[in-house]
Every structure is written in C-alpha cells, then in structure tokens.
Asks: 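Questions regarding the structure given below will be posed in turn.
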Amino acid sequence: MALRFSSTGLMVDDKNSLHFPLSFFDCVLRGVGQVMLQNNSYTGLLFLIGIFYNSPLFGAAVVLGTVVSTATAMLLGVDRALVRAGLFGFNGGLVAIALLYFLQPDLLTWACVVFAAACSTIFMAALLNLLKVWNIPALTAPFVFTSLCFFLATARFGRLESTHLLPTAGLPKAVTVEGLVTASTVVEGLFNGIAQVFFQGNVITGVIFAVGLVIGSRLACVTALAGSLTGLLVAWGMGAAEPAIRSGAFGFNSVLVAIAFGAVFFVVDRLSIAYTLLATIAAAVVFASVSAALEPLGVPALTLPFVLVTWMFLLASPIFPGLARRGIS
Amino acid sequence: MALRFSSTGLMVDDKNSLHFPLSFFDCVLRGVGQVMLQNNSYTGLLFLIGIFYNSPLFGAAVVLGTVVSTATAMLLGVDRALVRAGLFGFNGGLVAIALLYFLQPDLLTWACVVFAAACSTIFMAALLNLLKVWNIPALTAPFVFTSLCFFLATARFGRLESTHLLPTAGLPKAVTVEGLVTASTVVEGLFNGIAQVFFQGNVITGVIFAVGLVIGSRLACVTALAGSLTGLLVAWGMGAAEPAIRSGAFGFNSVLVAIAFGAVFFVVDRLSIAYTLLATIAAAVVFASVSAALEPLGVPALTLPFVLVTWMFLLASPIFPGLARRGIS
Amino acid sequence: MALRFSSTGLMVDDKNSLHFPLSFFDCVLRGVGQVMLQNNSYTGLLFLIGIFYNSPLFGAAVVLGTVVSTATAMLLGVDRALVRAGLFGFNGGLVAIALLYFLQPDLLTWACVVFAAACSTIFMAALLNLLKVWNIPALTAPFVFTSLCFFLATARFGRLESTHLLPTAGLPKAVTVEGLVTASTVVEGLFNGIAQVFFQGNVITGVIFAVGLVIGSRLACVTALAGSLTGLLVAWGMGAAEPAIRSGAFGFNSVLVAIAFGAVFFVVDRLSIAYTLLATIAAAVVFASVSAALEPLGVPALTLPFVLVTWMFLLASPIFPGLARRGIS
C-alpha cells in the first residue's frame with residue numbers, strides 16, 4: 001500500500017482504485033474514518049457500527065451526508081486521490097448528524113442535510129485553497145461553519161424547528177461541585193468523550209469507536225484515550241459541572257487534538273509529547289471559552305475548539321526547529 | 001474599448017483617460033456602477049437616478065461618499081487603472097448611504113460620512129493586498145466593516161444618534177405565514193430585492209436599477225432578477241415572514257451573488273449555472289444566519305452574506321477543474 | 001549597535017549576546033519595552049518601575065509572564081535574534097497582568113498565568129508564520145486572544161473567580177456630558193491613556209512610562225502623547241462619558257497606533273503624518289465599536305482595536321506608493 005502525504009498534510013492513499021460501486025463505498029467508509037483523521041475503511045465501518053448501535057437515525061444521517069458530499073466532489077471533478085482518501089466525506093457526514101441532532105427530523109431537515117452536505121464540499125475546497133499557503137489542513141471547519149449557519153437560520157426560517165437541545169447547547173455555569181466527581185464520572189466521561197466526536201452520548205459507542213481506532217492505528221487509540229482523560233481532568237480541576245464532565249463535553253475536542261498531534265502530524269519524541277499535552281489542555285480551555293462565547297446565540301461550540309487549537313499549534317510548529325513534522329522531508 | 005481583468009478579478013478599463021474634471025466625474029459614476037460589479041458610467045448614472053427618485057438625501061449621500069473615497073485614493077497615489085474603474089468608489093458610496101439610513105442626518109453624521117468614506121479607501125487597499133494571494137476581489141467588505149464599526153460605536157458615543165431603524169435591523173422570527181404570500185409579495189419582493197442593494201425599499205427604483213443593469217450587460221440584468229427571485233423563493237419555502245420577503249431583505253445578497261457568478265467571474269455553461277444557483281441559495285440561508293447572529297448587537301447584516309458566500313465559492317473554484325473562470329489565461 | 005529589521009517589521013538587535021543570566025534578564029526587560037514597540041532594556045526597566053509604583057502585584061505579574069513566555073520560546077528553540085529582541089516576551093507580560101487585573105489573585109490564577117504565558121509564545125509563533133506572507137507583525141494579538149479565552153472560560157470553570165471589574169469591562173452608554181469635561185479630565189486622561197497600555201489607571205505611572213519612552217526614542221514619546229490626546233479629543237467630540245475619557249480608556253489604543261505609525265514603521269514626512277493621524281482617530285472609533293461588540297459577553301476590548309487598525313493600515317500601505325516604510329530598501 002503506497003502512502004503519501006497530500007498538500008493538506010493528511011494521508012492520501014495512491015493504491016489502485018477498486019471498481020465502482022465498491023470504490024465509492026470505500027470512499028464513504030474512509031470519509032467516516034477521517035472524522036478522527038483515520039484514512040482506513042475498517043475504522044470507518046466500526047465508527048458506523050458504533051453510531052447505529054446508539055441510534056439508527058444518526059447512522060442513516062451520517063451515511064447520507066458522507067455519500068452526498070463525496071458525490072458532489074466527484075461531480076465537480078475534484079482530484080481523485082483526495083476523494084478516495086475520504087477527505088471530501090467526513091465534513092458532510094458530521095453536518096448531517098449535527099442537523100439531525102439539533103433539528104426536528106422532518107422532510108425539510110433532510111432536504112437541508114442534502115444541501116448542507118453539498119455546501120460542505122464547496123467549503124472544503126475553499127479551505128484547501130486558502131490554507132495551502134501555510135500547508136495546514138481544513139480539519140472539521142467546513143462542518144462547524146455550515147452547521148452553525150443552519151442553526152442560526154432557524155431564528156428567521158419559521159419552518160426549521162429545533163429540538164429541545166439547541167437552546168441549552170451552552171452548558172450551565174458550574175457551582176463548585178468537585179466532591180461529586182466519582183469513579184463512574186471518570187470512566188463514563190472517558191468513553192463519552194470519544195463518542196461525542198459524533199454527538200453520541202453512549203459509553204458502549206465510545207468503546208466501539210476506540211476499537212475502530214485500534215484497527216487504524218494503536219497509537220491513535222492510545223492518544224485518543226489520553227486526550228479524553230486530559231480534557232476531563234482539566235475540567236475537573238477548574239471546577240466544571242459534574243454532568244458536563246460525565247457527558248464527555250470537555251473531552252471530544254481534546255480527543256481530536258491528541259490524535260492530530262500525538263498520532264498524525266508529528267514524529268513521536270519527548271518534545272512532541274510535551275507539545276501535544278499543551279495543545280490538549282488548551283483544547284479543554286478553549287472549549288469552555290467558545291461555548292461561553294456562543295451561548296448568547298444559543299448555538300453549540302461543536303469541534304471549533306479542535307480546529308482553532310490545531311491550526312494554531314500547526315502554524316506555530318515551523319518556528320520551533322525541534323519539532324519534526326511527518327511527511328515533510 | 002480595451003478591457004482587461006485586474007489582479008482583483010474585476011474589470012479594468014485601459015482606454016485613454018478623459019481630462020479632469022470629466023475624468024473624475026467618470027470615475028465616480030463607474031464607482032456607483034461597481035456596487036453591482038458594473039464598470040460602466042451609464043449604469044452608474046441610472047443607479048443614481050433610481051436613488052434620487054426615491055430619496056434626494058440618499059442620492060446626495062452616495063455622491064458625496066463616492067467622491068470622497070475616490071479622491072482619497074487619488075491623493076494617496078493608487079494605481080490609476082484601479083481608480084478609473086471605480087474600484088475605490090463603490091465602498092465609499094455604500095458607507096455614506098448606510099450611515100444616513102441608520103443615523104440621524106445631522107452635521108456630525110455628515111462628518112462621519114467623510115471620515116468613513118476615506119477609511120473605506122484604506123480598507124479597500126488593505127484587502128487588495130491581503131486577497132491578492134488567492135486572486136479574489138475585496139467586494140463590498142470595506143463598506144460592511146466600516147459601517148458596522150460606526151453603528152456599534154453609537155453605544156459609546158452619546159452624540160451619534162441612530163434612526164429608529166437600527167434596533168430593528170434584525171428581522172423578527174417568522175411564524176408560519178406561507179398563506180399570506182401573494183402575487184404582489186413576489187412582484188414587489190423581486191424588484192425591492194434589487195433596490196435594497198442600495199437600501200432603497202422602492203419598486204420603481206428597483207426597475208430603474210434593472211434598466212441600468214441592461215445597459216451594462218443584459219446577462220447581469222437577467223441574473224440579477226433570477227437571483228432576487230431565488231432568494232425570495234428560498235425565504236418563502238423556509239417559512240420566512242411575509243413582510244421581510246416583500247421588503248426584498250432576502251433578495252439583495254442573492255442578487256449580488258447571482259451577478260458575480262452568473263455574469264462576471266465565470267464563463268457561462270451548464271456547470272457554472274449549477275454552481276451559481278447553489279451559491280445564490282446559500283446567500284439567502286447565510287443572510288438568515290448573519291442577521292440572526294448580529295441581532296444581539298442590534299446591527300444589520302448589510303451585504304456581508306454576499307461577501308462571505310462569494311469569497312467561499314471563488315476560493316473553492318480552482319479545486320473544481322470544470323469551472324472556467326474568466327480572464328485567467 | 002547593529003540594528004536590522006526582522007521579517008516581522010520589528011527591530012531586531014544583532015549585537016553579541018551577553019552571558020546568561022544577564023542576557024536572559026536583558027531579554028525580559030526588552031520584552032517589557034516591546035509592549036510599546038521599544039527594543040530597549042532601559043525603557044523596559046522604567047515601564048517596570050512605573051508598574052511597581054502603582055501596584056507591586058501587577059509588577060510581579062508582568063515579570064513572571066515575561067519570564068515564562070521568553071523561557072518557553074528558548075526551550076522550543078526559537079531563533080535567538082527574535083527572543084533577544086524581546087519579541088517573545090511582551091505578550092506573556094501583558095497576559096499575566098490582564099489575568100491578575102480581572103481574576104482573583106489565588107493559586108489557580110497564578111497557575112493560569114504560567115500556562116497562558118506559555119500559550120502566548122505558541123500563539124506568537126503561529127502569527128509570525130501566518131503573517132509573514134504579508135510582512136506584517138503580530139503585535140499584541142497573542143495577548144488579546146489568550147486573555148479573552150480565559151475571561152470567557154470563567155463562565156464554565158467554577159473555580160476561576162473574576163474580580164468585580166470584568167462584568168463592567170464594557171463602559172456605560174454616554175449621555176451627552178460634554179460640559180463636565182474639564183482641564184483635569186484632559187491632563188489625567190492624557191497620562192492615564194499611556195498608563196492604561198499596562199492596565200494602570202495612575203497618572204504618575206503614565207508620566208514614568210513617558211520618561212521610559214523618551215529614553216527609547218524621543219519621537220516615540222511625542223507620538224505617544226499626541227496619540228493619547230487625539231483619542232481623548234475624538235471621544236470628547238463624539239460625546240463619550242467623562243469618567244471613561246478621564247480613565248484613559250479611549251487613549252491607550254491610540255497611543256500604540258501613534259507610536260507604531262509615527263515612530264516605528266514609516267519614515268516621517270507630511271504624508272505619513274496624515275496617515276498616522278487618520279489611523280489614530282480610527283483607533284478611538286474602533287475602540288468604541290469593539291468594546292460595544294464585546295459587551296454582551298462581559299469581556300473587555302483590550303488592545304484589539306490597536307491590532308486591527310494597525311494591521312489594516314499596514315496591509316494597505318504597499319498600495320500607496322507615497323508612503324515609505326522603514327527598513328524595506
């Protein structure tokens with residue numbers, strides 16, 4: 001299997017393509033896997049199993065969104081290697097699951113899912129072009145901004161009805177509740193933190209995701225668990241509310257940051273581990289900030305903290321000569 | 001008439017210049033025309049007639065703003081070809097009309113108009129330099145940010161008094177009112193959508209603007225009407241409030257996006273028409289989002305949705321090899 | 001003393017380094033001086049004296065923050081010339097003083113100071129890489145965004161307690177109070193405007209800072225005073241509240257803009273003086289806007305207006321051939 005790094009810094013697989021529709025099916029599964037930066041169809045399959053286990057509705061949504069955004073990229077003639085690696089799928093899949101999580105699952109919402117997934121492909125292409133100047137990837141930014149756009153639009157569009165979740169997307173101010181954090185908070189929070197990457201508040205789903213990561217890369221699984229734990233401990237130490245810690249709300253951005261820096265972008269050594277730890281802690285703090293900043297608008301932070309922290313730490317890395325970025329030789 | 005495309009992607013006219021003050025007058029008219037991306041002094045003249053028809057106050061404001069920003073660019077020694085094409089006029093004209101629309105027309109406001117129009121020229125130059133990395137134009141971004149800056153400052157500056165329009169610049173949440181949309185809503189909304197590009201809620205002014213577009217480019221006129229209709233239909237379909245639809249509020253950003261993609265930046269073919277349609281629909285959704293996001297601050301969306309959608313779809317276009325951008329080759 | 005301009009447009013000193021720990025001490029003092037764009041250790045020393053005069057707590061904070069961010073840059077292997085010029089110190093120093101100004105000075109806050117100062121170094125590196133495309137400096141952006149991040153996070157982190165100052169960081173809407181501005185308002189406002197660059201509302205501290213500037217550059221001192229006066233007069237003319245004018249709130253951003261354009265980035269001539277004046281006025285207006293925009297979130301504008309106005313006017317300058325930027329030959 002011939003691997004190379006694309007201009008976006010993400011892994012691209014150049015092996016001979018499968019025949020249609022098997023090749024398309026492979027693209028979609030890799031797209032699901034790329035949500036946690038894994039260009040691996042088996043990992044994607046396990047993520048899907050984890051989601052369907054918790055909710056067939058969300059499972060169907062993530063499949064539809066990934067299919068639409070991948071197909072849009074193909075119709076618009078995007079470079080095959082990028083599409084095949086799933087890079088035009090994962091944002092569509094996440095947009096779909098976000099819209100169904102926060103909006104009522106009626107016909108109009110499904111139509112919005114199709115439109116939004118197509119737009120996420122345009123957004124991805126725009127960011128590829130914008131960010132190639134600094135050689136940094138788009139990450140989940142297309143998902144974040146496309147989703148926020150639709151959530152905000154519900155204020156003007158009378159037929160878009162939100163579920164009860166959107167107004168409380170901002171988490172409540174904590175009273176000092178440190179005594180209430182128990183072993184079960186930590187164990188549930190640890191796996192919920194991984195499951196929340198796909199909006200799944202389900203410990204078993206978190207475990208299935210972890211198994212999916214092991215298949216893609218053992219290092220990715222270890223860093224994901226370490227990231228979830230770090231986010232949880234920072235939130236606990238700073239006096240966040242126990243239900244928020246248990247739900248994994250402070251974990252999922254740290255999970256993604258930990259995978260990105262600990263298992264994808266840098267060669268592992270002492271300096272990169274310290275750098276990854278700093279970024280992972282920062283992700284938990286930035287999650288608190290972004291969710292507070294968006295609270296007056298009644299919209300959630302999604303993975304915006306992951307995007308901001310990863311962009312910042314990647315942009316900074318060329319100034320620090322000791323950090324060895326992978327695939328740049 | 002020798003036309004070429006400047007580094008900003010907007011048309012620049014290289015013909016021999018007229019003598020002063022006729023040449024300056026020509027720059028100002030082209031500046032007014034450039035509000036709808038038309039480098040044509042007759043189009044600019046008809047836009048002015050349309051504005052004066054509705055309100056001599058706004059007509060005087062747009063002339064003053066365009067004159068000040070164009071003169072500032074000349075004093076600072078900006079490349080003549082850019083100034084002659086009206087590229088340093090249209091943001092000043094729009095800033096002036098926006099300040100007089102939302103602030104009381106007293107002496108201090110007129111002083112602010114002069115200062116703000118001069119600042120719009122600095123802003124335009126900054127964006128020319130910033131965006132040349134990706135070869136995309138500044139559009140009306142200098143107008144949007146300069147205007148928002150002054151509207152927000154009214155909260156601190158006791159002598160800047162807003163008209164009654166600013167606090168209600170965010171449109172009310174719609175109840176489902178689809179039954180109330182009639183043929184008159186559609187016809188008025190269609191032309192108001194064009195008139196609102198200059199803050200004019202007047203059907204006749206919209207018709208005069210459409211005639212001005214025909215003079216510049218028949219294609220621009222057709223796409224403008226199609227854009228206004230698309231924005232209106234999206235808003236209707238999503239359950240927006242009837243008065244907002246009738247006022248053209250959901251139209252003017254789609255009008256500008258439709259002109260940009262349908263008549264200026266791309267060669268017209270099947271793919272570019274589909275791309276333009278997608279962008280025009282997106283502009284209506286983004287208008288709903290941006291106006292909702294700015295509502296807590298009591299400031300309007302202006303043409304920010306047009307700017308954001310056009311930048312995104314232009315940035316994305318080089319990734320899609322089937323889309324043929326004009327004037328590059 | 002061999003001076004050159006670095007790629008960031010800020011002065012870099014290439015003279016032979018002193019021996020550790022004297023050289024480190026020198027870096028820290030230069031870092032304090034760089035808050036007002038002065039690469040001069042004596043200027044930094046006088047700034048420290050001014051701060052300690054007003055508050056030993058803030059003095060200790062600025063030393064700790066500058067030490068941590070400078071040391072982090074050294075550990076990560078940043079180019080020595082940049083560190084030696086204090087460019088990796090000033091944001092850490094400002095972050096530290098901001099956190100102690102707005103948060104209770106308990107152990108957790110001091111831990112946050114250390115973490116935030118380290119993060120400001122990563123942020124500085126990220127902006128160096130991001131902005132080198134346009135050859136513009138990072139200024140105090142790392143300080144602004146790192147600080148805002150922690151202030152916003154207090155809403156989620158029960159153990160981060162704010163002082164009484166944070167909720168009123170947005171200044172009250174002025175009633176027209178022009179009659180109340182007296183000579184003492186102007187004199188106090190003038191020096192408070194300089195002192196507020198370091199959050200010090202103290203006239204004597206402002207005078208000590210001015211003396212520090214004279215040591216670094218007489219021109220910097222003159223432009224700083226002119227900038228403070230301009231900001232004050234704009235606020236007065238626009239009807240800002242007298243206590244806000246007296247406190248220097250409308251001055252400190254204009255002070256920094258005036259130093260940057262009047263004494264650092266451009267060769268002084270008639271055109272650059274006019275350009276500097278325009279930028280200085282704009283800074284006062286943008287301060288009013290930004291503080292109003294951030295009021296719903298209960299966080300202060302800090303030096304964000306300085307950063308935005310300086311970036312804009314620097315980005316625009318290459319389009320205006322009459323403006324001669326220093327150090328580019």
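In what follows, chains carry the letters A, B, and so on, assigned in the order in which the sequence lines appear, proteins first and then strands, with residues in each chain numbered from 1.
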Asks: Please give me the minimum heavy-atom distance between Ala292(B) and Ala155(A), naming the atom from each residue.
Replies: CB-CB, 3.8 Å

Asks: Ala118(A), Cys112(A), Ala153(A): which one forms the most heavy-atom pairs within less than 4.5 Å of chain B?
Replies: Ala153(A)

Asks: So which residue, Leu294(A), Leu130(A), Leu127(A), Leu297(A), ends up with the most heavy-atom pairs under 4.5 Å with chain B?
Replies: Leu130(A)

Asks: Sort out for me which of Val234(B), Ile281(B), Leu271(B) touches chain A most, counting heavy-atom pairs under 4.5 Å.
Replies: Ile281(B)

Asks: Quick one: what part of Ile122(A) sits under 4.5 Å from any heavy atom of chain B, side chain, backbone, both or neither?
Replies: both

Asks: With a 4.5 angstrom heavy-atom cut-off, which part of Leu323(B) approaches chain A: side chain, backbone, both or neither?
Replies: neither

Asks: Report which part of Pro321(B) has an atom under 4.5 Å of a heavy atom belonging to chain A: side chain, backbone, both, or neither.
Replies: both

Asks: Please classify the contact of Val133(B) with chain A as side chain, backbone, both or neither, using a heavy-atom distance under 4.5 Å.
Replies: side chain

Asks: Could you measure the distance from the CZ atom of Phe88(A) to the CD1 atom of Ile319(B)? Nearest 0.5 Å is fine.
Replies: 6.5 Å

Asks: As an exercise, state the distance from CZ of Phe313(B) to CZ of Phe123(A), rounded to the nearest 0.5 Å.
Replies: 10.0 Å

Asks: Going by the rule ring-ring contact (aromatic ring centres under 6.0 Å, His included), which residues pair with Tyr101(B) if we only count those two or more places apart in sequence or in a different chain?
Replies: Phe58(B), Phe199(B)

Asks: Taking Arg156(A) for its side chain and Ser289(B) for its backbone only, find out whether a donor-acceptor pair lies under 3.5 Å.
Replies: no

Asks: So which atom in Phe157(A) and which in Ala235(B) form the shortest heavy-atom distance, rounded to 0.1 Å?
Replies: CE2-CA, 4.1 Å

Asks: Kindly compute the distance separating CZ (Phe145(A)) from CE (Met312(B)), expressed to the nearest 0.5 Å.
Replies: 11.5 Å

Asks: Identify which part of Leu278(B) has an atom lying under 4.5 Å from any heavy atom of chain A, answering side chain, backbone, both or neither.
Replies: both

Asks: Keeping the roles fixed (side chain from Asn129(A), backbone from Leu315(B)), state whether a donor-acceptor pair exists under 3.5 Å.
Replies: yes

